[in-house]
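Lettering of chains follows the sequences in order, A, B, ..., and the numbering in each one begins at 1. Just so you know, these numbers come straight off a predicted model, no measurement behind them. Keep in mind that the numbers below use all heavy atoms, side chains included, and drop hydrogens, waters and symmetry copies.
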2 protein chains.
Amino acid sequence: MKLLDIGVLSEQSGVSPSTLRYYEEIGLIQSVGRHGLRRQFDAQTATQLALISLGKLAGFSLDDIKGMFAKDGTPRLPRAELHLRADALDEQIRGLTRLRDAMRHVADCPAESHMDCPKFRRLMVFAARAGSRRRV
Amino acid sequence: MKLLDIGVLSEQSGVSPSTLRYYEEIGLIQSVGRHGLRRQFDAQTATQLALISLGKLAGFSLDDIKGMFAKDGTPRLPRAELHLRADALDEQIRGLTRLRDAMRHVADCPAESHMDCPKFRRLMVFAARAGSRRRV
DNA sequence: GCTTGACCTCAAGTTGGCTTGAAGTGGCAG
DNA sequence: CTGCCACTTCAAGCCAACTTGAGGTCAAGC
């Protein structure tokens with residue numbers, strides 16, 4: 001079983017050593033030994049790190065992600081949870097799309113002031129609604 | 001000119017009084033006077049708050065947003081900047097969409113383990129790339 | 001054998017966007 | 001006139017996800 005020195009893993013994964021130590025501290029990853037003082041990691045940890053960054057992209061917290069690995073570090077992704085998260089992503093994508101369209105419109109809008117533009121005003125109503133709802 | 005007590009504005013906008021005070025403290029909004037101790041705000045501030053929540057949705061920081069108002073509180077949205085931000089939103093939307101599709105696929109994927117699914121592995125490569133780039 | 005440099009530990013600091021707590025004040029209903 | 005209650009100030013706290021700093025260790029290259 002090939003072992004990776006923390007520096008190598010860091011280099012390979014783009015995750016800084018301090019972050020790796022932090023991840024280990026919170027139990028997200030495990031080192032399998034030491035070379036002198038230096039942590040050594042299983043090659044599998046690189047895969048795990050890719051999954052972690054994937055999870056972060058999808059909006060999971062590190063704590064959420066922690067629950068997605070079995071004790072041995074292999075992924076354990078509950079399908080229902082994935083669907084839920086995909087739905088949340090859908091929501092987010094819809095909101096962002098609306099926002100982007102409106103921004104484009106406003107940027108090209110000939111109205112003297114943005115406040116004179118009906119689309120902009122509609123956008124603000126949307127924003128006001130979105131703003132007064134509790135954050136996701 | 002109609003004035004709003006902080007409580008009224010808070011109620012109306014869904015922004016908590018402490019947040020309003022915080023926004024004033026950082027110079028994002030201005031109160032126009034006091035009724036006893038209580039801050040009073042211009043009715044226009046409600047509009048401004050809608051814009052602020054809009055800006056937050058779009059991924060602007062409060063500091064960015066601060067730059068989007070003239071000293072009198074009227075919006076000053078540079079069109080070039082809007083286009084840039086819309087482009088960034090596009091990027092974000094594309095990434096999220098890819099992610100969502102892949103998540104859906106994985107959730108329904110018949111492979112024994114997620115690790116056996118080619119799509120999942122491709123997704124991880126994407127994640128590894130995205131993760132090692134500097135955060136936007 | 002000595003230096004070097006990347007690692008080590010542990011505590012504390014950072015950032016953004018607020019919220020909370022303690023102690024005080026003032027307008028208004030009764 | 002009294003009590004209430006939403007406000008006030010100011011400092012401190014909170015959250016996640018790290019980073020930084022001080023002081024220490026160790027394997028490897030010269």
What is the distance from [atom1] of [X] to [atom2] of [N], rounded to the nearest Å?
{"X": "A:Arg21", "N": "C:dA11", "atom1": "CZ", "atom2": "C1'", "result": "14 Å"}
{"X": "B:Asp5", "N": "C:dG26", "atom1": "CG", "atom2": "C1'", "result": "12 Å"}
{"X": "A:Glu24", "N": "C:dC10", "atom1": "CD", "atom2": "C1'", "result": "15 Å"}
{"X": "B:Glu25", "N": "D:dC10", "atom1": "CD", "atom2": "P", "result": "9 Å"}
{"X": "A:Arg38", "N": "D:dC26", "atom1": "CZ", "atom2": "C1'", "result": "8 Å"}
{"X": "A:Leu37", "N": "C:dT9", "atom1": "CG", "atom2": "C1'", "result": "9 Å"}
{"X": "A:Asp63", "N": "D:dC15", "atom1": "CG", "atom2": "P", "result": "12 Å"}
{"X": "B:Phe60", "N": "C:dG16", "atom1": "CZ", "atom2": "C1'", "result": "17 Å"}

Is there a side-chain contact between [X] and the phosphate of [N], meaning an N or O under 4.0 Å from OP1 or OP2?
{"X": "A:Thr19", "N": "D:dT19", "value": "yes"}
{"X": "B:Lys56", "N": "C:dC18", "value": "yes"}
{"X": "B:Ser16", "N": "C:dC18", "value": "no"}
{"X": "A:His35", "N": "D:dA28", "value": "yes"}

Check: Taking C-beta and beyond as the side chain, do B:Gln48 and B:Leu28 meet within less than 4.5 Å on heavy atoms?
Finding: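 When only atoms from C-beta onward are counted, B:Leu28 and B:Gln48 do not touch, as no gap falls below 4.5 Å.
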Checklist line | Passing option when A:Thr45 is tested against A:Val32, A:Ile52, A:Ile29 for side-chain contact (heavy atoms from CB on, under 4.5 Å) | finding: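 It is A:Ile29; the other options fail the test.
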Check: Should the pair A:Asp90-B:Arg104 be classified as a salt bridge under the 4.0 Å nitrogen-to-oxygen rule?
Finding: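 Between B:Arg104 and A:Asp90 there is a salt bridge, with a charged N closer than 4.0 Å to a carboxylate O.
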Checklist line | Closest-nucleotide 5' rank along DNA chain D - winner of B:Gln40 and A:Ser61 | finding: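 It is B:Gln40, whose closest nucleotide lies nearer the 5' terminus.
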Note to self: Pick the closest DNA chain D nucleotide for A:Gly36 and for A:Tyr23 by heavy atoms, then say which residue is nearer the 5' end.
What the structure shows: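 Mapping each residue to its closest nucleotide by heavy atoms, the 5'-most match is A:Tyr23.
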Note to self: A:Ser31 and side-chain hydrogen bond (donor to acceptor under 3.5 Å, both in side chains): which single residue from A:Glu24, A:Arg39, A:Arg21 fits?
What the structure shows: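 Output: one option passes, namely A:Glu24.
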Note to self: Heavy atoms only, 4.0 Å cut-off, all strands: where does A:Ile26 land among base, sugar-phosphate and nothing?
What the structure shows: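 No contact.
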Next item on the list: Just call it for B:Ser18: base, sugar-phosphate, or nothing, with non-hydrogen atoms closer than 4.0 Å on any strand.
Entry: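 Base contact.
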Checklist line | Side-chain donor-acceptor pair present, B:Asp72, B:Thr74, cut-off under 3.5 Å | finding: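 B:Asp72 vs B:Thr74: donor-acceptor pair found between side chains.
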